[in-house]
Amino acid sequence: MQTLLDDITAAMAKETERGKVADYIPELAHVDPQQFGIALATVDGQHYSAGSATTPFSIQSISKVFTLTIALGKLGDGLWANVGREPSGDPFNSIVQLEHEGGKPRNPFINAGAIAVVDAIMMGHAPKETLAEILSFVRYIADDERICFDAKVAASEMAHRDRNASLAHFMKAFGRLRHDVDKVLGTYFHQCAIAMSCEQLAHAGLFLASDGVNKPSGLRVVSPQRARRINSLMMMCGHYDASGEFAFRVGLPGKSGVGGGILAIAPGHGAIAVWSPGLDEQGNSLLGVKALEMFAQRTQWSVFGH
Ligand SMILES: NC(=O)CC[C@H](N)C(=O)O
């Protein structure tokens with residue numbers, strides 16, 4: 001496994017086409033696109049990594065997997081009254097389906113869906129309390145108390161919130177959000193601004209590869225059925241309008257973020273985190289997808305067979 005991660009890192013270092021760093025969040029525009037990291041945490045307790053695997057980066061939409069897990073824990077199937085579970089086939093920040101579909105977002109991983117999920121988690125609490133809950137959950141599953149929010153990234157997104165604010169106000173107009181829009185957005189931007197390294201992310205995702213059990217503690221995070229369902233949503237919706245392409249090339253449940261990270265789950269094997277800040281047209285890490293394609297081919301861990 002170590003040889004494989006080293007080979008992938010060497011192959012990615014040679015790539016000249018590295019995509020474009022997200023600049024609609026100005027604070028992310030400063031990140032050096034030359035960086036690449038990869039980490040694997042296996043269900044039998046092994047850890048491997050290569051490249052810049054200990055450098056924290058903005059996990060952005062990968063956080064949506066963690067808030068979905070928390071929301072399902074609080075509301076169970078009640079969550080699905082306000083959030084769908086179908087791929088959208090549209091960009092992550094698209095508004096078009098909301099009008100046709102009564103303000104109900106297609107799935108929890110597009111921005112509208114994740115905003116509805118965090119509104120559901122808040123349950124009348126202040127953003128600070130909800131954020132403390134999200135952070136302590138992430139620290140627990142990653143088994144690492146050092147994980148923090150990057151306040152600068154959160155502030156940068158709040159200052160440029162027009163698009164996400166439109167989504168939130170639109171949903172509120174349909175009676176889909178219960179809390180004040182700016183409080184929901186502030187919470188959402190902070191959750192997206194959690195900074196983690198590939199090593200921390202792979203560790204955090206491990207419960208999804210092991211039927212819902214947190215490997216270091218042996219404690220159950222979610223039921224096997226819930227882990228399977230979260231994985232299915234990651235497969236169908238985790239890469240927005242490129243989810244089909246990701247399933248075709250990689251064949252693993254995965255969730256991307258505009259910080260350039262991707263968390264992929266190989267059920268029964270392990271969790272893999274990759275990071276390369278340059279994005280493709282759909283806002284997914286260009287080299288991250290390439291690296292995972294190489295990883296899935298060499299391990300033959302695709303859920304669709306060899
Ligand atoms: N795809 C993403 O990572 C988008 C998340 C980002 N915080 C946004 O709302 O635009």
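No hydrogens, no waters, no symmetry mates; every other heavy atom, side chains included, goes into these values. Just follow the structure's listing: the first ligand is 1, and inside any ligand the first atom is 1.
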Pairwise, report which nitrogen or oxygen atoms of ligand 1 are under 3.5 angstrom from protein nitrogen or oxygen atoms, and how far apart they are.
unit_1, atom_1, unit_2, atom_2, d
ligand 1, 1 (N), S61, OG, 3.0
ligand 1, 1 (N), Y240, OH, 3.0
ligand 1, 3 (O), S61, N, 3.1
ligand 1, 3 (O), S61, OG, 2.6
ligand 1, 3 (O), V258, N, 2.8
ligand 1, 7 (N), Q60, OE1, 2.6
ligand 1, 7 (N), E157, OE1, 2.9
ligand 1, 7 (N), E157, OE2, 2.7
ligand 1, 9 (O), N111, ND2, 3.0
ligand 1, 9 (O), E157, OE2, 3.1
ligand 1, 9 (O), N164, ND2, 2.9
ligand 1, 9 (O), Y188, OH, 2.7
ligand 1, 10 (O), Y24, OH, 2.5
ligand 1, 10 (O), N111, ND2, 3.2

Pairs flagged by salt bridge (charged side-chain N to carboxylate O under 4.0 Å, His left out) wherever residues 150-177 is involved - sequence neighbours left out: R161-D182
Connected via hydrophobic side-chain network under 4.5 Å: V258 and F57: no
Whether H190 and F149 hold their rings parallel, tilted or perpendicular, with breakpoints at 30° and 60°: perpendicular
Can you give each donor-acceptor pair under 3.5 Å made by side-chain atoms of residues 117-124, sequence neighbours left out, with the distance rounded to 0.1 Å?
unit_1, atom_1, unit_2, atom_2, d
D119, OD1, R178, N, 3.1
D119, OD1, H179, N, 3.0
D119, OD1, H179, ND1, 2.8
D119, OD2, R178, N, 2.9

Residue list, ring-ring contact (aromatic ring centres under 6.0 Å, His included) with F174, at least two apart or on another chain: F170
Presence of salt bridge, E133 and K74, under 4.0 angstrom: yes
